[in-house]
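Sending over a structure as structure tokens; questions will come in a sec.
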Amino acid sequence: MSAAEGPLRVVLADDHPVIRDGLSALLSSVPGLEVVATAATGREAVRAAVTETPDVLVLDVQMPDLDGVAAATEVLRAAPSVAVLMLTMFDDDDTVFAAMRAGAQGYLLKGATQEEIVRGIHAVAAGEAIFGPGIARRVLGLLAGADRSAEPFGELTQRERQVLELLAAGLTTTAVGTRLGLAPKTVTNHASSVFAKLGVSGRAEAVARARRAGLGGAGQV
């Protein structure tokens with residue numbers, strides 16, 4: 001966006017108040033940027049993206065209600081004009097790849113400097129892709145045809161895929177939690193994220209899709 005068109009409008013989404021408020025204050029002091037809303041959960045982030053229609057949504061991966069990758073998927077569907085910049089401490093391959101597939105145009109780690117974050121916001125707003133150190137190499141590997149691209153449900157993280165496989169195998173939420181060493185509430189949160197990323201209405205539809213893709217067999221659990 002040019003200066004004549006006004007400042008870039010930004011929504012910040014992070015579940016940690018100190019980080020969220022600090023980043024809001026930091027960016028609000030930068031000429032050419034305007035923080036129009038903040039969000040503490042994934043669903044709040046999606047709602048703000050739809051109602052505020054910012055130029056950029058700065059989004060953490062680990063969020064209550066709906067994780068950042070699932071929220072990015074919802075934003076891409078409901079507010080496709082909003083550019084998503086992930087700002088997180090997670091740099092594992094599964095999360096990076098899932099975020100890219102969800103439609104995020106940038107991926108920075110929370111150790112990034114103010115200059116790097118501001119540059120990232122301007123880049124994604126202009127339709128460019130930007131990645132933090134070490135992330136670009138992984139994305140290039142993905143674009144070059146990494147093997148994982150051939151896997152079904154590549155948009156899911158490894159943990160989400162495990163949850164889906166066990167649900168497809170007929171396990172209850174409690175049983176899935178026992179198998180993976182997770183609390184039932186955590187399993188439910190992972191399942192909700194799976195449903196959002198797959199664009200399904202609930203467990204039955206997700207399980208049907210998983211079984212059609214060959215998941216849930218006895219050999220996988």
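Values below: every heavy atom of this structure, side chains too, minus hydrogens, waters and symmetry copies. Index from 1, following the sequence.
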Query raised in the report: Closest heavy-atom contact between Ala49 and Leu57?
Result: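 Answer, listing the atom of Ala49 first, then Leu57: CB-CD2, 4.5 Å.
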**Report entry** Heavy-atom closest contact (Leu8 atom, Ile121 atom, distance)
**Finding:** CD1-CG2, 4.2 Å
Report summary line: So CZ of Phe97 and OG1 of Thr157: to nearest 0.5 Å the spacing works out to 13.5 Å
Return all side-chain donor-acceptor pairs below 3.5 angstrom for residues 199-209, not counting sequence neighbours, or 'none' if the list is empty.
from: Ser201; atom 1: OG; to: Glu205; atom 2: OE1; distance (Å): 2.9
from: Arg203; atom 1: NH2; to: Leu171; atom 2: O; distance (Å): 2.5
from: Glu205; atom 1: OE1; to: Ser201; atom 2: N; distance (Å): 3.0
from: Arg209; atom 1: NH1; to: Leu198; atom 2: O; distance (Å): 2.7

Query raised in the report: Is there side-chain contact between Thr95 and Tyr107, with at least one heavy-atom pair below 4.5 Å?
Result: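 Yes, close enough: below the 4.5 Å cut-off.
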Query raised in the report: Any side-chain heavy atom of Leu180 within less than 4.5 Å of one from Val187?
Result: no
Requested in this report: Please name all residues satisfying side-chain hydrogen bond (donor to acceptor under 3.5 Å, both in side chains) with Ser192, sequence neighbours left out, ordered by chain then number.
Outcome: none
Query raised in the report: Run the side chain to side chain contact (heavy atoms under 4.5 Å, CB included) check on Arg161 and Leu215 step by step: do they pass?
Result: CA-CA 9 Å; Arg161 183 183 172 88; Leu215 301 187; 3.4 Å; yes
Query raised in the report: Would a 4.5 Å heavy-atom cut-off, applied to side chains only, mark Ser193 and Asp67 as touching?
Result: yes
Report summary line: Quick note, side chain to side chain donor-acceptor pair (under 3.5 Å) partners involving residues 13-28, not counting sequence neighbours, are Asp14-Lys110
Requested in this report: Give a yes or no answer on whether the side chain of Ser29 reaches the backbone of Leu26 with a donor-acceptor pair at less than 3.5 Å.
Outcome: yes
Requested in this report: List for me each residue that meets side-chain hydrogen bond (donor to acceptor under 3.5 Å, both in side chains) alongside Gln162, sequence neighbours excluded, and say none if there are none.
Outcome: Arg159
Query raised in the report: If you round to the nearest 0.5 Å, how far is NE2 of His122 from CG of Asp55?
Result: 10.0 Å
Requested in this report: With sequence neighbours left out, write down each residue that passes salt bridge (Lys or Arg N to Asp or Glu O under 4.0 Å) with Glu44, or none if nothing qualifies.
Outcome: none
Report task. Please report the closest heavy-atom contact between Pro64 and Thr41, naming both atoms and the distance. Result ->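 For Pro64 and Thr41, the tightest heavy-atom pair comes out as O-CB, 3.6 Å.
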Query raised in the report: Counting only N and O atoms by type, is there a donor-acceptor contact under 3.5 Å from the side chain of Asp65 to the main-chain atoms of Gly42?
Result: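 Answer holds: no.
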Query - side chain to side chain contact (heavy atoms under 4.5 Å, CB included) assessment of Val11 paired with Thr38 - result: CA-CA 6 Å; Val11 168; Thr38 60; over 6 Å; no
Report task. Give the minimum heavy-atom separation between Leu108 and Gly120, together with the two atoms involved. Result -> CD1-CA, 4.5 Å
**Report entry** Side chain to side chain, Leu23 and Ile117, heavy atoms closer than 4.5 Å
**Finding:** yes
Query raised in the report: Are the side chain of Gln105 and the backbone of Val124 linked by a donor-acceptor contact shorter than 3.5 Å?
Result: yes
Query raised in the report: Counting only heavy atoms not in Gln62, do more than 12 fall under 6.0 Å of its CD?
Result: no
Report summary line: CZ of Phe195 to CG of Leu164, rounded to nearest 0.5 Å, is 8.0 Å
Query raised in the report: Which residue pairs pass the side chain to side chain donor-acceptor pair (under 3.5 Å) test when at least one of the two sits in residues 180-189, sequence neighbours left out?
Result: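 The answer is none; no pair qualifies.
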Query raised in the report: Should Val10 and Ile19 be counted in the same cluster of Ile, Leu, Val, Met, Phe, Trp and Tyr side chains packed under 4.5 Å apart?
Result: no
Query raised in the report: Measuring from Leu182:CG to Thr173:OG1, what's the distance to the nearest 0.5 Å?
Result: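 Answer for the CG-OG1 pair, Leu182 versus Thr173, is 11.5 Å.
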Throw together a table of side-chain donor-acceptor distances under 3.5 angstrom for residues 68-89, partners on residues two or more places apart or in other chains.
from: Thr73; atom 1: OG1; to: Val69; atom 2: O; distance (Å): 3.1
from: Glu74; atom 1: OE1; to: Arg77; atom 2: NH2; distance (Å): 3.4
from: Glu74; atom 1: OE2; to: Arg77; atom 2: NH2; distance (Å): 2.6
from: Thr88; atom 1: OG1; to: Asp60; atom 2: OD1; distance (Å): 3.1
from: Thr88; atom 1: OG1; to: Phe90; atom 2: N; distance (Å): 3.2

Requested in this report: Work out which heavy atom in Glu160 is nearest to a heavy atom in His190; give both atom names and the distance.
Outcome: CG-ND1, 4.1 Å
Report summary line: Heavy atoms of Arg9 and Glu52 approach each other most closely as NH1-O, 2.6 Å
**Report entry** Contacts of Thr113 that satisfy side chain to side chain contact (heavy atoms under 4.5 Å, CB included) - sequence neighbours left out
**Finding:** Glu115, Glu116
